[in-house]
Amino acid sequence: MNISRPDCFEALEESPLVSDFLGKGYVILPTENSEGLHAIRELVADTVSETLNISPTKSPEDLLNNIHLYVGAESLNDLRLEVIQTLRSTPWVRPTYYSLVLEALHTLVGNELAMQRGLGLSVQLPNDSSSLLPIHADVWDGDSPFEVVVWVPLVDCFKTKSMYILPIGSDRSYQMVMSDHQNGSAEDLYASVSGDLEFLKIDFGSILIFTQTVMHGNRINIEDETRWSLNCRFKSALSPYADKKLGEFFEFVNLRPASRIGLDYRLPEGFSE
Ligand SMILES: O=C(O)CCC(=O)C(=O)O
Ligand SMILES: [Fe+2]
């Protein structure tokens, strides 16, 4: 008897999102919740204008792009912490952040997830060298290789106003021979891979998801606008953890009932001997 069945084993492999992510180590895609993204940007812009006492006449985009006209590198961190505090204490922000790329995360990572508890915020003023992230892969410094970063620009990002990434093909060839370069500085490492790096063009409304096992970082922003981006890590809930622990750094979202029962279950005395 011929039974027709859906090609449910092949469907994932044929998804362009999957082949893109496996091919490059990152994807850039339109948000699934534009209204939510605008609400997050407005919350950030409102917090910034309140903190700096700027009358809210500019659009959120204008205000954020031009914030270097109001704040210098010396007080930038206070402003950043104020915004982070607002984001972390506003209950709708985390679920909204998740909803920005929920379907994509379910395809790329899984449908029961661990999500970073507090969102990260990066602000790069033009020509400011005080808050740079030299080339790195977070996995070298205690992050789990199962994590992805969901990176959300709040303004259009391009060239040095954005971040750069080494696509996974070049990255893996390089990491294989990296021990030959062990004594070099981050700047030497940057120089040796710079020909293959991509500075990502990501407009507001688009979202970057990348594996932090590939090398990435940023340079001094020599464009004439300020960069604002949010970042948050996600991993499959039951994949191995590294230094960033469940409960401290990560929190389950969408944990399924079978996993809840499984995690709570203890064998009766005597069965484990
Ligand atoms: O935002 C950047 O420029 C770098 C971000 C980064 O290194 C990360 O999120 O792991
Ligand atoms: Fe990183």
Side-chain angles (χ1 to χ4, degrees), residues 6-34 36-37 40 96-116 119-120 122 133 135-140 143-176 190 193-219 227 229-240 253-254:
D7 58 353
C8 48
F9 289 165
E10 291 82 18
L12 192 64
E13 293 313 314
E14 284 163 9
S15 147
L17 186 59
V18 169
S19 49
D20 237 33
F21 191 75
L22 285 174
K24 296 188 302 194
Y26 73 88
V27 287
I28 296 172
L29 64 178
T31 182
E32 296 162 23
N33 179 4
S34 182
L37 178 59
I40 291 177
T96 305
Y97 199 96
Y98 175 35
S99 76
L100 298 177
V101 280
L102 181 146
E103 293 296 336
L105 283 172
H106 288 193
T107 301
L108 297 174
V109 185
N111 65 5
E112 49 182 2
L113 295 167
M115 177 179 183
Q116 185 174 327
L119 302 184
S122 160
L133 275 172
I135 190 162
H136 66 284
D138 300 67
V139 69
W140 297 342
D143 281 45
S144 156
F146 295 88
E147 274 169 39
V148 299
V149 180
V150 174
W151 194 97
V152 176
L154 298 179
V155 287
D156 294 348
C157 289
F158 52 88
K159 298 184 181 160
T160 57
K161 187 187 173 192
S162 186
M163 57 170 275
Y164 62 77
I165 201 161
L166 188 60
I168 201 162
S170 318
D171 180 89
R172 294 304 189 256
S173 322
Y174 196 84
Q175 290 205 31
M176 296 247 300
Y190 179 81
V193 296
S194 65
D196 295 319
L197 294 175
E198 292 178 11
F199 280 82
L200 300 174
K201 177 170 167 35
I202 317 170
D203 286 340
F204 176 70
S206 292
I207 308 228
L208 164 70
I209 304 179
F210 68 98
T211 164
Q212 46 72 22
T213 63
V214 298
M215 291 181 238
H216 58 279
N218 55 47
R219 304 294 282 177
R227 184 244 277 205
S229 60
L230 299 170
N231 59 77
C232 180
R233 283 134 212 288
F234 290 83
K235 65 196 284 295
S236 174
L238 300 177
S239 62
V253 288
N254 270 344

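If you're wondering where the values come from, they're calculated on a predicted model, not measured in any experiment.
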**Study point:** Full working for side-chain contact (heavy atoms from CB on, under 4.5 Å) between L105 and V148
**Key:** CA-CA 9 Å; L105 283 172; V148 299; 4.0 Å; yes
Exercise for review: Could you walk me through whether L208 and L200 pass side-chain contact (heavy atoms from CB on, under 4.5 Å), step by step?
Suggested key: CA-CA 9 Å; L208 164 70; L200 300 174; 3.7 Å; yes
Exercise for review: Under the side-chain contact (heavy atoms from CB on, under 4.5 Å) rule, what do H106 and L113 come out as? Steps first, then yes or no, please.
Suggested key: CA-CA 9 Å; H106 288 193; L113 295 167; 4.2 Å; yes
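Here the side chains of T213 and Q175 are not in contact, with every heavy-atom distance at 4.5 Å or above. Side-chain contact between L133 and H216 is absent, with no heavy-atom pair separated by less than 4.5 Å. Using a 4.5 Å heavy-atom threshold, the side chains of L119 and V152 count as separate. Y174 has its side chain out of reach of D196: every pair of non-hydrogen atoms, C-beta onward, lies at least 4.5 Å apart. The shortest distance between side-chain heavy atoms of F21 and I168 does not fall below 4.5 Å. Considering only heavy atoms from C-beta on, L100 stays 4.5 Å or farther from V150 through its side chain. In this structure, the side chains of R172 and V214 come closer than 4.5 Å at one or more pairs of heavy atoms.
Note that the CD1 atom of I202 and the CE atom of M163 stand 7.0 Å from one another [nearest 0.5 Å]. If you take CZ on F234 and CD1 on I209, they are separated by 8.5 Å, rounding to the nearest 0.5 Å. Atom SG of C157 sits about 10.5 Å away from atom CD1 of I28, to the nearest 0.5 Å. Atom CD of residue E112 and atom OG of residue S239 lie 10.5 Å apart, to the nearest 0.5 angstrom. Atom CH2 of W151 is separated from atom CG of L230 by 9.5 Å, given to the nearest 0.5 angstrom. Here the CG-CD distance, from N111 to E103, works out to 10.0 Å after rounding to the nearest 0.5 Å.
Legend: residues meeting ring-ring contact (aromatic ring centres under 6.0 Å, His included) with Y97, ordered by chain and number and at least two apart, are absent. Evaluation of the ring-ring contact (aromatic ring centres under 6.0 Å, His included) rule for F199 yields Y164 as partners, not counting sequence neighbours.
For the 3.5 Å distance criterion, the side chains of Y98 and N254 qualify, holding a donor opposite an acceptor. Using modelled atom types, one finds no donor on one side chain facing an acceptor on the other under 3.5 Å when comparing T160 with R227.
Contact record, G36 with N33: N-OD1, 2.8 Å, taken as the closest heavy-atom pair. The two residues P153 and S206 make their nearest non-hydrogen contact at CD-O, 3.2 Å.
With Q212 contributing its side chain and V149 its backbone, the two residues share no donor-acceptor pair below 3.5 Å. When atom types are taken as modelled, the side chain of K24 and the backbone of F210 share no donor-acceptor pair closer than 3.5 angstrom. No donor-acceptor pair under 3.5 Å is formed between the side chain of K201 and the backbone N or O of S162.
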